[in-house]
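One structure, pasted below without further comment.
Atoms considered below: every heavy atom in the structure, side chains included; atoms not considered: hydrogens, waters and symmetry mates.
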Amino acid sequence: MRPNTPVGLVGRYGAQSVRVPVEEAARVDRLVADRGGGAGGPAGRDAGGRGARPPDAQSVEVQRHLLLTLLLRAERHYDHARADGSLSDDGDTQLRRRFAALLERDFGHHHDVGHYADAMGVPTAVPVRALSHSTGRPTKALITDRVMLEAARLLRLREGAPPLGGGPTP
């Protein structure tokens, strides 16, 4: 889990707001309005005023890419606001960042919440509450997800498949 990725910015109970500069607002509004409606665009009509094409397999991919684009734009504004000091992290976000760094360092040897709480110098209930609140997932599930991600990576390497994000594809 990397909290600086779009996924890390969006939690089940996400309470962080990101201000979008006025010059970017129209672009963001278009992304939200379009929602990948195929040829139909925001109002469900194409340039000739006709109805939108019915959804197809590509519509879902277009929606996914538009959402990712929107999240990446939000991340850019979020990072800029943090860099210039106009946005500060709340306690849960700071704890989530500390947990993520410790998890990356220790997931190979420690799979218990208590280890990470001890390493942060807080009672076990603190990361359980904070991480559950900011991610919407139990702390143990976050640890298990990281272990499983590494296991899948190692399995792909062992099977001779190129690692994710690397190597040429056939």
Side-chain angles (χ1 to χ4, degrees), residues 1-20 28 31-32 34-37 55-83 85-167 169:
M1 178 182 87
R2 288 186 45 221
N4 286 336
T5 64
V7 173
L9 293 173
V10 179
R12 187 166 137 197
Y13 301 104
Q16 194 68 267
S17 296
V18 178
R19 292 197 186 280
V20 176
V28 171
L31 278 172
V32 172
D34 188 22
R35 296 182 317 272
D56 56 21
Q58 288 76 27
S59 296
V60 173
E61 283 299 304
V62 169
Q63 289 175 356
R64 189 174 70 77
H65 287 287
L66 285 172
L67 178 59
L68 183 58
T69 301
L70 182 61
L71 290 172
L72 288 170
R73 285 192 178 279
E75 179 185 28
R76 179 187 303 161
H77 298 302
Y78 177 84
D79 288 345
H80 180 45
R82 286 191 69 233
S86 63
L87 179 68
S88 62
D89 289 335
D90 62 4
D92 286 355
T93 303
Q94 290 174 6
L95 192 123
R96 189 181 76 223
R97 290 179 192 280
R98 289 173 53 204
F99 173 78
L102 287 168
L103 183 60
E104 280 302 307
R105 186 187 79 190
D106 296 349
F107 75 89
H109 302 289
H110 299 282
H111 304 152
D112 60 303
V113 178
H115 165 79
Y116 297 97
D118 290 345
M120 290 187 285
V122 297
T124 302
V126 172
V128 167
R129 180 202 52 81
L131 293 168
S132 184
H133 176 74
S134 66
T135 67
R137 305 206 50 233
T139 306
K140 181 63 178 171
L142 298 172
I143 296 168
T144 301
D145 287 351
R146 182 59 186 98
V147 171
M148 296 304 289
L149 179 66
E150 184 66 10
R153 185 188 73 82
L154 292 172
L155 184 61
R156 278 190 303 277
L157 289 175
R158 184 176 180 159
E159 292 175 349
L164 287 178
T169 56

Where is the tightest heavy-atom contact between Ala117 and Thr124, given as atom of each residue plus distance?
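Result for this residue pair: CB-CA, 3.6 Å.
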
Could you check whether the rings of Phe99 and Tyr116 sit parallel, tilted or perpendicular, using 30° and 60° as the cut-offs?
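Perpendicular: the ring planes of Phe99 and Tyr116 meet at over 60°.
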
Between Val113 and Lys140, what is the shortest heavy-atom contact and its length?
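Nearest heavy atoms, Val113 then Lys140: CG2-N, 4.0 Å.
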
Does the side chain to side chain contact (heavy atoms under 4.5 Å, CB included) test come out yes or no for Glu150 and Val147, once each step is laid out?
CA-CA 5 Å; Glu150 184 66 10; Val147 171; 6.0 Å; no

Pairwise distance CE(Met148) to CD1(Ile143) - rounded to 0.5 angstrom
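Here the rounded value is 14.5 Å.
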
So which heavy atom on Leu102 is nearest to which on Ala119, and how close?
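Result for this residue pair: CD1-CB, 3.8 Å.
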
Kindly give the heavy-atom pair with the smallest separation between Thr139 and Pro127, and that separation in Å.
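Result for this residue pair: OG1-O, 3.4 Å.
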
Distance check, rounded to the nearest 0.5 Å: Arg96 atom CZ versus Leu103 atom CG?
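Rounded to the nearest 0.5 Å, the CZ-CG separation comes to 13.0 Å.
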
Applying side chain to side chain contact (heavy atoms under 4.5 Å, CB included) to Arg137 and Leu131, what does each step give before you reach the verdict?
CA-CA 7 Å; Arg137 305 206 50 233; Leu131 293 168; over 6 Å; no

Beyond-backbone contact of Leu149 with Arg146, side-chain heavy atoms, under 4.5 angstrom:
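They are in contact (side-chain heavy atoms under 4.5 Å apart), so the answer is yes.
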
